[in-house]
Amino acid sequence: MTLSANLLDWYDRNRRELPWRIDKDPYKIWVSEIMLQQTRVEAVKEYYTRWLRRFPTPYELAAAEEEEVLYYWQGLGYYNRARNLQAAMSEVCAAYGGEIPNDEAALKALPGIGEYTAGAILSIAFDCRTPAVDGNVLRIFSRLFYVTEDITKSKTKRLISRLVSEYISLERPGDFNQALMDLGAMVCIPQTPRCAECPVLDFCQAYALDVQCTLPVKPAAKAPRELTLVAGIIQRGGEYLIRRRPSGNVLAGMWEFPAIEICDESCEKATLEQFIYTQFALKVLVQEKAFNYVHIFSHLKWYINFYHCQCFTGEVLFQDTQWIALSEWENITWAGPHRKAAEALWKNSVGGGPAA
DNA sequence: AATGCGGGGAC
DNA sequence: GTCCCAGCATT
């Protein structure tokens with residue numbers, strides 16, 4: 001038996017039934033692959049189903065407002081994926097008549113599609129014999145072939161891509177690639193691989209050397225940069241001021257309570273009042289603290305101090321700002337922790353105060 | 001080649 | 001707490 005045959009046989013008996021494995025519609029495969037970038041299967045399932053219900057073909061997505069596209073992506077993270085996906089579908093509709101191109105160069109020219117995603121779409125939807133090297137494949141092949149180089153280096157990725165090209169199934173390349181995903185998720189897992197269950201154990205050099213747990217090799221993650229922000233919950237006539245985060249920042253395009261980074265926590269109230277005045281032309285009085293949140297990104301750590309603010313003046317509203325009633329909180333595309341803040345305020349207001 | 005970009009589940 | 005996930009774009 002060959003590596004490929006063992007793997008496919010295992011896949012046929014153990015594959016996961018997933019919503020994007022029901023058919024081979026290239027658009028659906030594409031959507032799933034974008035959602036699955038750096039994102040776990042369990043997290044994607046519901047988003048995928050909801051997305052396909054609202055955007056069943058490239059045309060619905062291309063025609064939608066970006067605001068709505070982001071709303072359907074809210075909570076998945078890496079929001080440029082959603083913007084790129086929509087931009088790509090606009091191109092598909094305009095340049096390819098709504099048909100997904102069956103061509104590596106054409107796919108990789110579209111925004112959001114890189115080496116991995118092009119290979120995945122081509123192999124799964126079009127039966128092309130293209131590798132799709134993701135984190136699972138890097139881990140599995142570094143163990144199978146005892147690759148001790150740093151897998152975050154592009155040279156190592158090229159090496160493993162060549163190995164996959166060498167071993168990928170001729171008859172079922174898409175299933176071969178998906179089998180590697182399932183093997184990586186269920187058997188050849190990062191910390192404690194379940195080698196006793198592995199269908200390609202006989203081919204694994206790391207197992208033979210008993211060094212599975214030392215592979216793959218990658219440098220330790222750097223600690224996230226920490227920063228402190230102060231945010232204003234600005235109430236006026238039962239409504240609250242929110243603003244859309246500017247592009248070029250983390251969580252670009254998402255809505256938040258006005259917030260500013262502070263360097264000196266001792267003067268955060270004054271900083272907030274000044275910020276709100278210069279940015280929104282509103283005179284406010286910062287009152288009592290509402291709550292503190294800590295929010296961890298992969299590369300950032302936010303400490304946010306939320307303050308209630310009383311607003312006295314100002315009718316001018318700038319672009320990307322609006323007043324909203326708290327009852328609308330679920331309809332807003334919130335920036336990360338600001339959703340929790342809005343929800344807490346809402347629950348507080350309908351709960352009728354501190355008493356149970 | 002290095003960095004920015006989210007959020008959450010498993011341990 | 002740490003790790004890491006069906007990565008890509010930009011520099």
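Letters A, B, ... are given to chains in the order of the sequence lines, protein chains preceding strands, and every chain is numbered from 1. Below, each value reflects all heavy atoms present in this structure, side chains not excepted, and no hydrogens, waters or symmetry copies.
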**Request:** Report yes or no: does A:Thr130 contribute a side-chain atom to a donor-acceptor pair with the main-chain N or O of A:Leu122 at less than 3.5 Å?
**Result:**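 A pair under 3.5 Å: no.
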Donor-acceptor list for residues 112-120 of chain A side chains, cut-off 3.5 Å, not counting sequence neighbours:
| unit_1 | atom_1 | unit_2 | atom_2 | d |
| --- | --- | --- | --- | --- |
| A:Glu115 | OE1 | A:Lys108 | NZ | 2.7 |
| A:Tyr116 | OH | A:Glu33 | OE1 | 2.6 |
| A:Thr117 | OG1 | A:Gln37 | NE2 | 3.0 |

**Request:** Nearest whole angstrom, please: distance from the P of B:dA2 to the NZ of A:Lys155.
**Result:** 13 Å
Counting the atoms with a prime plus P, OP1 and OP2 as sugar-phosphate, which does [X] contact under 4.0 Å by heavy atoms, base, sugar-phosphate, or nothing?
X        : answer
A:Val137 : nothing
A:Thr117 : sugar-phosphate
A:Ser154 : sugar-phosphate
A:Arg339 : nothing
A:Leu18  : base
A:Lys108 : nothing

**Message:** I'd like the 5' and 3' limits of the part of DNA chain C contacted by chain A, with heavy-atom contacts below 4.0 Å.
**Reply:**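 The protein-touched segment is C:dC3 to C:dA9.
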**Asked** In B/S/- notation, 5' to 3', how is nucleotides 3-10 of chain B contacted by protein heavy atoms closer than 4.0 Å?
**Response** SSBBBBB-
**Check: A:Arg15/A:Gln178 side-chain N/O donor and acceptor closer than 3.5 Å** = no
